[in-house]
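Input: a single structure, listed below in structure tokens.
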2 protein chains.
Amino acid sequence: MSSYSIPAHDLNTFREELKAYFVFNETEWEAFKPHLEMVNLKKKAHFAINGKICDAIGFIVRGAVRYYHLKDGMEITSYFSFENEFVSSYKSFLKQEPSNSYIQALEDTALITITYQNMQLLLKHDLLGHKTERFGRLVAEHYICCYEDRVQSFIIQSPEERYIHMMKTEREILQRVPQHYIATFLGITPVSLSRIRKRTVLNA
Amino acid sequence: MSSYSIPAHDLNTFREELKAYFVFNETEWEAFKPHLEMVNLKKKAHFAINGKICDAIGFIVRGAVRYYHLKDGMEITSYFSFENEFVSSYKSFLKQEPSNSYIQALEDTALITITYQNMQLLLKHDLLGHKTERFGRLVAEHYICCYEDRVQSFIIQSPEERYIHMMKTEREILQRVPQHYIATFLGITPVSLSRIRKRTVLNA
DNA sequence: GTAAAACGTTAACAAAAGATAAGAAAGAAA
DNA sequence: TTTCTTTCTTATCTTTTGTTAACGTTTTAC
């Protein structure tokens with residue numbers, strides 16, 4: 001699929017969001033656009049699969065995804081992403097090696113994607129090369145900050161504290177995502193989360 | 001301190017390690033060098049302090065550091081770094097905002113550092129600008145991969161499994177670092193780690 | 001060299017979490 | 001609607017972990 005299949009409205013949203021990292025002028029944007037592709041995922045379809053190389057980065061236009069791992073036959077959710085966020089099994093993408101997690105659509109999801117191959121073309125592109133380096137650096141640095149917060153939450157908060165924090169700052173996740181996914185995301189069983197909820201409601 | 005105070009041997013080690021990310025030619029290296037500084041930390045001295053901006057990235061020439069957080073008056077270790085590794089409260093450095101963790105020398109430690117201000121100079125430098133962008137991107141991407149592994153270990157492994165994994169792959173940490181630091185790093189109490197060790201030794 | 005502090009292990013008890021199973025409620029599909 | 005999943009809660013029992021404290025050893029500081 002090439003860029004003409006991406007609805008203009010979605011493309012504009014994407015361009016607006018990118019401004020947080022980098023501003024393209026018209027010429028640059030026209031050079032950039034043809035390297036993008038639209039992908040639609042039905043609910044429960046996968047964007048990345050354990051053992052397979054994740055060869056694209058996606059930007060969620062509509063919908064939501066969860067990252068998860070399989071352990072002893074159990075699915076353990078490790079992350080959620082929603083509209084206007086990037087999605088990728090990033091290490092797999094960067095190193096072009098097999099992913100060690102799954103990424104699955106929680107709802108019907110529309111993404112604007114860029115493949116590894118096209119990313120390499122952009123890095124070599126006369127007009128865009130330097131800007132692509134900078135863009136890549138800023139996106140990577142942004143993700144480092146997210147990861148730093150996430151590791152910190154594991155280190156200094158208990159599952160119950162992480163849940164209470166989610167209630168305060170991420171109500172959308174709690175409303176859009178089945179509770180048993182949230183439980184494994186917090187590092188506990190669904191039964192345990194149910195107990196925490198009972199305690200928390202009684203104290204509120 | 002300026003670059004002439006960095007021992008030639010240490011500077012060469014640094015240059016060699018950087019080759020994993022980027023190769024400087026002689027001209028570029030001469031332009032790069034003056035932006036580096038040598039820092040020596042006595043055991044238990046801090047490289048970063050909670051609430052203060054961490055204004056440098058360090059490269060450990062000799063020694064080791066631990067990252068830790070304070071919670072309810074308790075120190076919780078979140079990471080260790082050793083020779084030939086980078087050190088920084090990275091989010092604080094990138095955003096120039098107060099750090100939310102401490103970084104402390106576990107032993108007398110020698111570092112080659114670059115300040116935020118000098119990094120900005122390098123990014124604007126005619127000769128080095130593009131190379132610095134690329135360097136920054138590659139370092140950031142490297143750290144993303146490390147963080148991805150780290151988050152994954154929290155998600156899919158128990159503290160005991162993480163300890164067993166450390167025994168197999170990171171014996172150096174176990175030997176150089178006091179055990180109660182390792183316990184909080186694993187997310188458990190020192191008492192609990194002692195029990196795990198007893199179990200593990202008996203099964204080996 | 002000696003005193004003080006830091007470190008690791010163990011024990012006993014309390015608190016929390018996991019495992020399993022049963023049942024109710026909400027959604028999806030025929 | 002009716003049926004079949006999926007999801008969430010609750011109860012019981014077991015296992016694990018945290019807490020506190022004691023003790024011996026090692027390391028550090030004066």
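Bear in mind the structure is a predicted one, so any value in this text is a computation, not a measurement. Lettering follows sequence order; numbering is per chain, from 1.
- Contact check, Thr189(B) against dG18(D): a side-chain N or O comes under 4.0 Å of OP1 or OP2.
- No contact: Lys43(A) has no heavy atom under 4.0 Å from any strand.
- Between Thr109(B) and Phe47(B) the shortest side-chain heavy-atom distance does not fall below 4.5 Å.
- Distance Leu186(B) CG to dG8(C) P: 13 Å, rounded to the nearest Å.
- Residue contacts for Ser194(B): at a heavy-atom cut-off of 4.0 Å it reaches a base atom on one of the strands shown.
- Following rounding to the nearest Å, Met74(A) (CE) and dT20(C) (P) show an atom-to-atom distance of 9 Å.
- Using a 4.0 Å cut-off, no side-chain N or O of Gln179(B) falls inside it from OP1 or OP2 of dA6(C).
- No contact: Leu193(A) has no heavy atom under 4.0 Å from any strand.
- With no hydrogens or angles considered, a side-chain donor-acceptor pair links Arg197(A) and Tyr163(A) at under 3.5 Å.
- Counting non-hydrogen atoms under 4.0 angstrom, Ser192(A) reaches the backbone sugars and phosphates but no base.
- Contact check for Lys95(B) versus Cys145(A): side-chain heavy atoms found under the 4.5 Å cut-off.
- Rounding to whole angstrom units, CZ of residue Arg199(B) and P of dT17(D) are separated by 5 Å.
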